[in-house]
Structure formats: structure tokens, C-alpha cells
Amino acid sequence: MRKPFYVTTPIYYVNDRPHIGHSYTTIAADLLARFHRISGREAFFLTGTDEHGSKVAEAAEAAGLEPRQFCDRVVKHFKDAWEKLSIDNSDFIRTTQDRHVRAVRNLLNVLRMAKTDAGEEVIYSGLYEGLYCTACEKFLTEKDLVGGVCPDHNTPPALLKEKNYFFRLTAFTDKLRKLIEKEELIILPEERRHEVLGLFKQGLTDFSISREHVTWGIPLPFDESQVCYVWVEALCNYITAIGYSADEELFKKWWHEADAVHLMAKDILKFHCIYWPAILMAAGLPLPNKIFLHGFFTVDGAKMSKTLGNQIDPNELVEEFGPDAARYLLLTQYPFGVDGDIQRSNFVRKYNSDLANDLGNLVSRVAKMIIANYDGKLPPPTAKLEGSRELIGKAEELSESVIDHLYNFRIGAAIDDTIGLVRLTNRFFDGNAPWKLVKEGDTKRAGGVLYACSEVLRIVSILLYPTMPNKAKEILSIYGLGEDELDIGLARTFFQLKPGTEINFKDAVFPRLKEQKKSEVAEMEKEEKSSEMIDIDEFARAKMVVAEILEAEKVSGADKLLKIQIDIGDEKRQIIAGIAEYYAPDELKGKKIVVVRNLKPATIRGIDSNGMLLAAHKGKKLYLVTPEGDLPPGTLLS
RNA sequence: GGCGGUGUAGCUCAGGUGGUUAGAGCAGCGGAAUCAUAAUCCGCGUGUCCGGGGUUCGAGUCCCUGCACCGCUACCA
């Protein structure tokens, strides 16, 4: 019996909705877990959400919710998205769950008691010295400052000391570096390993594991005035979900004995490859076996961003292609591990060529011939077919190469090899032209061709199951096969299907999608552009006038909002503006600004807003639009 | 500034330890076939393998150097 397999994704921060980046990691983890399961190992696949920290608390407040309520709401988006993508995780951990809080506090106690090899305390209290902006209520790094002042408030930060607990990372760096060098802790791909070793070379310092000013988090068990640093706590999810300090047997199986793999994108390398192993060492726990960091991808050559509007919502992808193809398409765009580019136009093209034309069409042409000529019963195999030796050989070897690829995280290569066999099978089919044989009366040989192709489809289905679980089962079910046949061992040998088996084929497995012609795409782009253009009448519909600010005050309970009284000449108005982070109420008084007068009134946080002021962002700063000359309030802009 | 990565056909990318005419998929062009989801199959690429040096009998593959892009990290500030 091989070691059980434990795979994790990062726990996703609930500040954000699930996007294609989260999906990518999660699908890959699901794929690996499913693969190991059908190759006869037990597998545990963990994902979840990271719910503590000041950013979550702020986001909750902005939404007018309690943090816990807010989290519940966002978590649902994640769970729904994973269900839609046929993600079969063994557990879903939330850092706000009691089991996690208890385990983290236990671990912190263990660390508190632990000593380094030199006999020093692993956790020590010290002073965190930093530049604190009282208006922001947070520490700023020197990088955040612009000209020595807080860019948001234009005030110099105070040098403040706060008591923190520190983790003595420096006592573990040598040992950890050696483990990575000796590849006892395997960091993949190689470039990432170099990057980690580079961090050691540059020197590392102890890091703070607690915060004084954060409230939404887990209090330290030995000092309740402090909250555990969200990263430290989040990392612990990998062991708290599998029974650390709660279920000894479970924990032994999945952490001490299993092959543990952490999967993630490369941006969180330092936390996972240095902090986390060091914490585990300090606590006397085994390290994970492998940490795999995949790359980033761009969409149509551009970084994904909300402002560019090129974020891909996984739900939309599933709606368009279905869960199986969505998984397939995401993981076949570029090799797993490196950075790459995802092109939207490629999705439809690749769906049609690989799935509809090659795989789906093979399924149909084989099934339909069996139904038409063999009374819907699988004919027996025959010898002496053109190219059958090659076909059978390749088919029987395929599982070995897929296993090799997937053990080494070459997901794309595993899939490509499998589709390669499908292509070979289409060639085999054409080479033997069973439709011609049937016409010539040689139904025996024609049947042999159909049998061989069916066998390939059986093998291919097993090997594609980790990527496309539903479709794999669907193809197997055509041959009357169920989940018991989802076993890599059964993909190794040809001639498993029983002649005479009833064929249950109804609809195309991967219906072909309409591809937009280039001319149509160009047409649409043109339309989009021209529809972006407006004529002067449309512009004139927006009545923008000069306004003078009479009063401004903060909206209580909202960080970003100001309630502003303005004079627009013939009347006085109240507007709500999201500029509190950039302008203090007093400095606004008397300022002349530009507002849209005829914007539909809105109620923001229960307060009426009649109009909108104009402002523009530059980097992290925001500037109000002001008239250059001394225009009186009410002057219409044109 | 340091470290690391990338740069190969129109597009996306393969190309262990250097070795015959540099590959795949997609797109494009031509043809065959008609069982099948207008799907399939066959044929078609004179690519400065980013530039320049070097090592070698021989380099996309090793060394040096330059350029472009990306990532990590530092410092100046």
C-alpha cells in the first residue's frame, strides 16, 4: 500500500470573490487528488477560506455587516464556485471555525514552550517599531510614504513602538536551508527553489507573529491582548483541518504518514517555503514533502484586473463550456508551473478541436456505427488490422506516461499525451475505413476496428477522469461501465471490454460550439468602439456645474464616505462622496469643485445624495476636479 | 544594484547529459473520404532558434557579452 496523498490549496482570502486564479489552483489540486485516488492511494484534498485580519473587518464594515456575517456570505461564493467546477474536496476549512481557533491556540502554546537548539525561547516578546499613521490606524512602511508623509492623510507618521511577539526564525534558517538543499523539503519548480535559496542568502530576520491593534483574529493564548498575525494563523489550516491537537489518529495518518503537497501560486512563496516549515520545525512537527508553486497567467496578454475588466469569472466559464471542459481548457493553455497567457479566443478553438472534433467525434462515429450495424452490441475484436499493433502498444503504454507526468506535476503533458492517443485512434479508424468494410460485407473486420476504438475510449476515459470527471464517466457509461472501472490499473491492458455489451449512446459528448469568425470579431470590436463614442447631445445630457463646498463631515460608520453640503448657485444640496480617505472634512470647506447636477438621487447608507462630484485617481492619490478661474457656483460646464 | 526566469514557425508552446534535413497543436493553403458533432484523414513551413563573440570536428542546447520583457529582493530616497 502506498502512502496516502495529502494535497492542499491555499485558503483563499474572503476579501475577494473567487476568480479564475483561485480556480486554477483548486482545479489542479482536485485533479491530483482524483488521480491519486484512481491509482490506488487514499487522498485527502483540503481547501478553504482565510477569514481573519483587519482587511476583512474593514470590508465587512463597509458592507454594513458583522465580520462573521460578511464571511459567511463570501464563503458561499467560493463553495458554489467549487461545486460548479466539480471540485471534490475532502474538507473545507474556515479559519473562523472553532476547530481552527482551538488548534491554533494549541500550536501557539507549544511554540511558546519550545526552545531552540541553543536553548533560547522560540517565541519572545519584543518591540515592533514602526511608522504609525493615526488617521489610518495602521503601520506604514517607508515605501508607503510619499515625501515623508502619509499619502492618504498628508500627515507625517509617528514613530511608534508596539509590543509584539516574535518568532525566532533565525534559529532555524540553517537547518531549513540544508533541508531544501538536500531536497528533503522539495520545492518545485526548480526556479522557485532557487528563489527560496536566494532568500536565505540575503538573510532573514525574526518575524512578528502578533498584532496589537487588530481585533478580528485569534487572541494569543498567553497574551489575550494580542491577536495572532493572520498569516501565521492561516498557514496552520493545513494541519488543523486534519486533526492537529484534536484527533491523533487522523493527524498521524495525514500529516506524519502521508505525502503532503502544498499547491499554490508563486506569490506566497516566502510564507510557505520559509515561515511555515520553520514553524513546524519549532513545534517538532514533520514538514510537508513538497511545495509546488505554479505561475501567474495573463488574459489576452494583459494582467488580470478589475479596471481592465478582463477578469474571468469561473461561473461564466462553466456556463459556457460546462465544468469538465472549463477544467480542461484552463489546464491546457500552457504548461503547469510556469507563467503563461490565456487567450479567450483559444477556449472555443481548443474546445472544438480537442474535445468536439477529436474526442467527442470519435465517440460518436464509433458508437453510431455499432448501433447501425451491430444491433447496438459491441462486436468482438479481430486480428490483422492496419496499425492495430501500434495502437494497442501506445494505448497500453499511455497510463505509464500519464502517471509519470502527474507524479511530476506535468498536468498539461499528461493531458496532451492522452489526446494524442485519441488522434492516433482517429487515424486508425480512417486507415481501416470500417464503413467501407461494412459495404464490402466484411462486418467481422469492421467490428474489430470498432472494438479497438472502443477500447481506446475506455482507457482514455480513465486517464482523463481526473481532468474531466463527469465526461469520463459519461463515456464509460456508453459501454455500460461504472465507477468501479475508474482504476489506472485497468487502463494498462487492452481487451477489457466484453463483446456483446449493449451500447448506450444518445447525444454528442462535447457538442461543437460556434466559433466567432475573425471578421465577426473585428466587426464586434468596431461596434464596441463606435458604441463607446457618444455625440454631443449625449454629452450635453450630463449637466455638470461648478459647486462650492459649504460643509463636509464624515459619515459615521463608513471609512470612505463624506457627507458634503454644496452650493450650486440656485440651490443648496447634499451629496455623499467616497473621498474620505483622501480629503479631511475641514480642508474641503470653501473649495470649488465640479458636480454632476442631474444624476439620479441615491441613498447611500441611509443618507440622501443628490449629485456626484468629479475626481480622478492618480496612483494611490485622488484629486478633485476644480475650476481654474473664479467661476461662480452654478456655472454650467460645456 | 543583486539574484532568478523568459526570448524557437502567423499564434500557444516542446526541444534530459551538445551530434543526422529544429518539432507539436492551432490557424492557413491544396487534396481524399463521407462512418461521424460540415467532424475525420493525407500533403504543404527557405523559421537570422533575440543580437554579438567564444569553446568544439559539431551548439537552439555549454561559456562570455549585449538587448528586450517578467519575477523576487535591496538600496537610494
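Bear in mind the structure is a predicted one, so any value in this text is a computation, not a measurement. Residue numbering restarts at 1 for every chain, and letters A, B, ... go by the order of the sequence lines.
- The listed nucleotides are B:rC26, B:rU40, B:rC72; the one nearest the side chain of A:S353 is B:rC26.
- Going from the C1' atom of B:rU6 to that of B:rU21 covers 29 Å, rounded to whole Å.
- Straight-line distance from the CG atom of A:L424 to the P atom of B:rC41: 10 Å, rounded to whole Å.
- A:G198 comes within contact range of no nucleotide atom at all, as no heavy-atom separation falls under 4.0 Å.
- Closest approach to the A:R365 side chain among B:rC26, B:rG4, B:rU40 is made by B:rU40 (side chain taken as heavy atoms from C-beta onward).
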Detail all sub-3.5 Å separations between protein N/O atoms and N/O atoms belonging to nucleotides 12-14 of chain B.
residue, atom, partner, partner atom, Å
B:rU12, O2', A:Q333, O, 3.2

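- In this structure, the CZ atom of A:R193 is 12 Å from the P atom of B:rG5, given to the nearest Å.
- Remark: P of B:rA36 and CG of A:N432 are 18 Å apart, rounded to the nearest angstrom.
- The side chain of A:W435 approaches B:rA33 more closely than any other nucleotide in the set B:rA33, B:rG25, B:rA36.
- As the counterpart of B:rG47, no nucleotide is assigned, since no Watson-Crick or G-U wobble pattern has both distances under 3.5 Å.
- Between A:S54 and A:R211, the closest side-chain pair of non-hydrogen atoms is not below 4.5 Å.
- Annotation: B:rG58 and B:rG4 have their P atoms spaced 30 Å apart (nearest Å).
- With P as the reference atom, B:rA59 and B:rC50 are 15 Å apart, rounded to whole Å.
- Here A:P511 lies in heavy-atom contact (under 4.0 Å) with a base.
- Base-pair partner of B:rC76: not found among the strands shown (Watson-Crick or G-U wobble, both distances under 3.5 Å).
- Across all strands shown, B:rA32 is found opposite B:rU40 as a Watson-Crick or G-U wobble partner, with both distances under 3.5 Å.
- Closest contact between the side chain of A:L199 and the listed nucleotides B:rC72, B:rC35, B:rC26 involves B:rC72.
- When all heavy atoms of A:C453 and A:V366 are compared, the closest pair comes out as CB-CG2, 3.6 Å.
- Side-chain contact, A:T26 with A:Y12: a donor N or O sits under 3.5 Å from an acceptor N or O.
- Judged by distance alone, with hydrogens and angles left aside, A:N357 brings no side-chain donor or acceptor close enough to the base of B:rA39 to form a pair under 3.5 Å.
- Distance, A:F200 CZ to B:rC72 P: 18 Å, rounded to whole Å.
- Distance NZ (A:K436) to P (B:rC41): 16 Å, rounded to an integer number of Å.
- Taking atom C1' in both B:rU61 and B:rC49, the straight-line distance is 10 Å, to the nearest Å.
- Separation of the A:Y238 and A:H272 ring centroids falls under the 6.0 Å cut-off.
- Rounded to whole Å, the C1' atom of B:rG43 lies 15 Å from the corresponding atom of B:rA33.
- Whole-Å rounding puts the A:H272 NE2 to B:rC72 P distance at 17 Å.
- Counting to the nearest Å, the C1' atom of B:rA38 and the CG atom of A:D358 are 15 Å from each other.
- Base pairing of B:rU21: no nucleotide in any strand meets the Watson-Crick or G-U wobble criterion (both distances under 3.5 Å).
- When only modelled atom types and interatomic distance are considered, A:N361 and A:R512 share no side-chain donor-acceptor pair under 3.5 Å.
- Remark: A:K473 is not positioned above the aromatic ring of A:Y465, lacking an NZ or CZ atom under 6.0 angstrom from the ring centre and at most 45 degrees off the axis.
- Side-chain atoms of A:M369 lie closest to B:rC35 of the nucleotides B:rC72, B:rC35, B:rA27.
- Going from atom CD of A:E191 over to atom C1' of B:rC70 covers 12 Å, rounded to whole Å.
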Pair A:Y24-A:H19, ring-ring contact (aromatic ring centres under 6.0 Å, His included): steps then yes or no: CA-CA 9 Å; A:Y24 186 77; A:H19 55 65; over 10 Å; no
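- Taking atom P on both B:rG10 and B:rG51, the two are 14 Å apart, rounded to the nearest angstrom.
- Across all strands shown, B:rG4 forms a Watson-Crick or G-U wobble pair, both distances under 3.5 Å, with B:rC70.
- Picking from B:rC72, B:rC41, B:rU40 the nucleotide with the shortest atom distance to the side chain of A:N361 gives B:rU40.
- Where A:K350 and A:K266 meet RNA chain B, the nucleotide closest to each residue was compared, and A:K350 sits on the side nearer the 5' end.
- Comparing the same atom, C1', in B:rC57 and in B:rU48 gives a spacing of 24 Å after rounding to whole Å.
- Checking the phosphate oxygens (OP1, OP2) of B:rC26, no side-chain nitrogen or oxygen of A:R349 falls inside 4.0 Å.
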Side chain to side chain contact (heavy atoms under 4.5 Å, CB included) assessment of A:V261 paired with A:N289: CA-CA 6 Å; A:V261 177; A:N289 300 70; 5.6 Å; no
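- Within 4.0 Å of A:R423, counting heavy atoms only, lie sugar-phosphate atoms of the nucleic acid but no base atom.
- Map A:F429 and A:N426 each onto its nearest nucleotide of RNA chain B; the residue landing nearer the 5' end is A:F429.
- Under the 4.5 Å side-chain criterion, counting only non-hydrogen atoms from C-beta, A:P323 is in contact with A:N470.
- The environment of A:E386 atom CD is sparse: at most 12 non-hydrogen atoms of other residues, nucleotides or ligands sit within 6.0 angstrom.
- Under 4.0 angstrom from either OP1 or OP2 of B:rC35 there lies at least one side-chain N or O belonging to A:K439.
- Contacts of A:V366 with the nucleic acid, taken as non-hydrogen atoms under 4.0 Å apart, are absent.
- B:rG2 and B:rG66 are spaced 10 Å apart, taking the P atom of each and rounding to whole Å.
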